[in-house]
Each structure stands twice: as C-alpha cells, then as structure tokens.
Peer 1: 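Below is the structure I would like to discuss, written out as structure tokens.
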Amino acid sequence: MHFSSLRPWLAPVAASLLLAGCQGQSATDSQTAATGQPAEAAPTDTASVPTPNDGITPALLARHIKVLASDEFEGRRPFTKGEEKATSYLASEFKKLGLKPGPGGSYFQAVPLVEIAGQPDPTATIAGNGKSLTLSYRTDYMFLTEREKPTVEIKNSPLVFAGYGVTAPEYKWDDYAGLDVKGKTVVVLINDPGNAGTDSTLFKGREMTYYGRWMYKYEEAARHGATGLIIIHDTKPASYPWTVVQSSNGGAKLHPQTPDHGAGKVALEGWMTLDAAKKLFEAAGQKYDDLYAAANKPGFRGKDLGLSLTTTLHNKITYKTSKNVVAVLPGTTRPQEYIIYSAHWDHLGIGPAVAGDSIYNGALDNASGCAGLLAIANGFVQAKEKPQRSIVFLAVTGEEQGLLGSDYYAQHPLYPLKNTVADINMDELLAFGPMRDVTITGYGQSDLDDYARTAAKEQNRYVIPYQHPETGSFYRSDHFSFAKVGVPALYASGAFESRLHGKAFAEKQREEFEAKNYHQPSDQFNPAWDLRGAAQDARFMFRIGQQLAAETTFPQWKAGSEFRAVRLKSRPQ
Ligand SMILES: [Zn+2]
C-alpha cells in the first residue's frame, strides 16, 4: 500500500475493546479464552464458511509469502538483487502452473523509470503590485519537477488563483473557465469542493473524488498549458501535517520515463503552507478567507493575482529500468478479451534498522498479494471449466514509490485497454482469520460491486462501502492506475468484522498492524498467522474473475463516476 499519513481503515479506537487482552496477529480461540474474556461460539460458525476444494488454500499462500518475504529477498526494492529474486520467482511459479508469458514471449515488461533528485533554490521571489515577498524552501514551500532537465527556471511566471484547479464536466464545475493560464503558475486549494466540507451537496460530499488528488491537479494544469501549479496545504482537510508534505516531496523521486522527457508536465509542481499563501494573497490585495469562500460556490471565477513567481530547480537525473511480471491463461472462446489480476511485488528494501533488523520484508505489504496472484492462478488452472476470456496476472513494480509499475502498464498496455474487462487488485491480504464482510474501496463506482455481491454471498459475507472514504484511499493502490485509463477496477477485502471475534477485534488487528508493522522491518512472515481470511479473499476474487470470464458483456462505470467518460471514449456502449 502506497504511503499516506492516514491509513484507509484506521478508524477511531473504541474506548474499551472486548478483546483488549488478546495480543498478536493470529489470536486463536484458545488464546482468547486464556485472556479470561468470553469466547464466541466459533467452531459452528467456522463450518459455515464454504471452502471448496479449488486449490486456493491458506497453506499455499503461506508457502509463497514465506519465500517472497524471506531475508534472502532483501525487502524487494526495485533495482536491487531483491528485485531479481522476486521477479524471477514469480515468473518461474507462473511458468510451473503452465501459464503463458506476455506478448513477445517474455514474462517481464520492462518499466523504464527516471529518478529526479531535486534541489530547489533556498528561496523563491514573489513580486508585483509594488510588493516583493521572499519565501523559503521547506518552511514555506516544497517545489519539484518531473521535467528531465538539470535546471528548470521559473522566471516571472504570473500567479493565478484557480479555486480547486478542477475541470469536472459531470459536476458542471470549471475552475479554469474564462482563465488563460498559459505560461502562468496556478495557485489552488487542497482537495475538492465537496470533500472540503463547506457544502455536502457538492461533488461526492465527504467522499474524496479523483479531482481532490494532487496528481490530478498537476495534470489538469498541464492540459491548460500552465507553467506550474502550487497547492495550498491546509492540515485539516489534508488530514496530514506539513511535515508529511516536506518528507514526501523532498529528495529523490522516481517517475515513469516519458517520450518527451516530462515536457508535457507542468515545469513546477509545488505546495505552500497556508501561512505563506495568506501572505501571498495579502501582497495581491486579496483576503484568503474571501477567496476561499468564493471558490466553494458554484460558478466561481478564478483571477490573476497581479504577482509573479521567480525561482530555480536544480536536478540530478538518473535513468533506471525495473520490471513488471506478466503471465496469461488464454481464454478458450474469447482470448482477445482480458481480465487482469494485479498486485505489487515491490517493497522498501533495506533501510534504517529497527530493533536490530534492517530488512523491510513486506510480508503482508505485498508478498501476500503476490501469493494471492499465484493462488488464484492455481485456482483457474485446477478448475474443470476453463475461462472463456483470457486471465492476465500482473505483478507490478514501484507501487511504494507512487504506483509506478501499474501506471506504466496503463500507459503502455500489453493488451488493448478497450478489451480489458476489469482489473482486480490485491494489496495486503489478511492474516487474522475469516471475515464476515467484504469492504469495497470505491464502492458505487462501477458494476463490479454487483459481481462482488454475488461472490460475497457464496461465502456468507456481506458487502459494505469502505468506512472512511474522505481519505481518498481509492486512489492509493494499483487498481487506480487502471481506473484512470477507464478500466473498471475493484479493490476489496475483508476489513470490518471478524467471523470469529467480531468488529472490535478486526479493528484492533488492523490498528496493531498499522501502528507496529506497517512499513516496518517487523512486517515479516509469521507461522502463527491465520490465513483463512486471505484465502477467502483470494477465492472471492477468483469467483468474480470466473463470473466475468463466462460473460460476453463488459461491466460499466456507474453514471457520475469520474472514470466513465474516458472508458466511453475507447469503448462506447
Ligand atoms: Zn506499502
């Protein structure tokens, strides 16, 4: 799972947890009993979880996780020996199952990346309107660029305030209406108009849309020909402090290589503090509060601020190539239609030692998802009825650095996107037993919800929307790269209610992983894990793939989804 200060499932802690004395990832009923708390009637309930003999088992998952998360794989960081080992292992396991390589006869897709280590000037100058203002790097702003050039100069670029920087036809909202931003630097608010919370009827209300993401804002500004875009950081709507903006946007960053070497991106991607923004608006003779209020009303019109920005970015550029792993089970009757299962193979590698351990093994994040790919592949291979559509297994690189491998695939698809029926993504399978729920992140976006409901029902599970949509979690794993290019994508897992121990237990397990193991060396394989929930989730996704493979129809994005328009362009209904 790609980093964010606020983890998607992290809910407020219940004041007193029923199983507060129960420690560890794999509490069994006997352990529960040992805490002196009343144990639930687990055994009969366990019997109600259907476990068909379909080759998708906790033991198989454990076997693969154990290998992929072993110290020998060195935390699977791209460009290391760990990458070689992990990608070779996955390819050879797919081969053993009898799956075919991708187009061109290779199990690998090269992913050319560029590392840009940026060092912006220590200051930036804002001038005009008879005023001059000097802002400081890190204290007031974080600037970077995706242009592959040693020096990127911003010289007297006029500043424009453009509300949220959003052009959203389906919400009849255009912050760029009537503005000419060519060569200018656009200053915008964080998040989207609904998510900001001033008016719950705008956009999707509390649930963040794609328009609230910084990535979208930079891309939209580039589409309008802007030189740069600066987001005003506000801790409350962002849900993380300025220090997170500092740490995520300083130093070296990896990006997919582009044929134009980043020329199609804005030259300057920036953030500034709310304090700095207030000073800037004051120099422009404007009040931040007034502009903020205006920007939250439909029909808002952006304006030139009568100021301009001057600063320089210095970059060290390094080109490197990583790889995605791809394997295919060709469809029997419609092999030219594809269902993709994705999971990222990469993790953080070797880093600062914690309690004497410097290998960030990434067992749940995301050796578990890769094990899920292999288990689902095994399921398809064992099944009597072969899929009519082709099933593609895609283990992608660079997720931890910003969904790089999946993004590269989406921009350079090995199979036509318009014939790609769906992407089903796995990131961090469960290690604390079977669940009653299937929590869908991005619920309501596409028809895949209906397929999920059918598959969940087979397992006596219920479907619920992800409970904290305001955090924008739909945009934080690899399925999003597919959604962006219009392929319906599903990201779902048990999260909310343990079948054996209830809701508070599930929350506590999630929270403990979050606090103690997430992106830590301690995210390592534990033989005591209960991987029945992981197997259940993998089977749930396998069954969805089987449903999709047996049909001739294509699931659609629902009306109102921000991904519908791009799909309709390539695949009109
Ligand atoms: Zn992660």
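Because only heavy atoms are used, hydrogens play no part in the values below, and waters and symmetry mates are left out as well, while side chains stay in. Atoms within each ligand, like the ligands themselves, are counted from 1 in listed order. Along the sequence shown, the residues carry numbers beginning at 1.
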Peer 1: Whether R510 and E507 form a salt bridge (side-chain N of Lys/Arg under 4.0 Å from carboxylate O of Asp/Glu) is what I want to check.
Peer 2: no
Peer 1: Is E399 close enough to the Zn ion (ligand 1) that one of its N, O or S atoms comes in under 2.8 Å?
Peer 2: no
Peer 1: I'd like to know if the side chain of D523 and the backbone of D365 have a donor-acceptor N/O pair within less than 3.5 Å.
Peer 2: yes
Peer 1: Measure from the Zn ion (ligand 1) to each N, O or S atom of E400 and report whether any distance is below 2.8 Å.
Peer 2: yes
Peer 1: So, using side chain to side chain donor-acceptor pair (under 3.5 Å) as the criterion, who are the partners of E148 when residues are at least two apart?
Peer 2: H261, Y319
Peer 1: Considering only N, O or S atoms, which atom of D365 is nearest to the Zn ion (ligand 1)?
Peer 2: OD2
Peer 1: With a 4.0 Å cut-off on N to O distance, would you call R147 and E269 a salt bridge?
Peer 2: no
Peer 1: Can you tell me if H519 has an N, O or S atom under 2.8 Å away from the Zn ion (ligand 1)?
Peer 2: yes
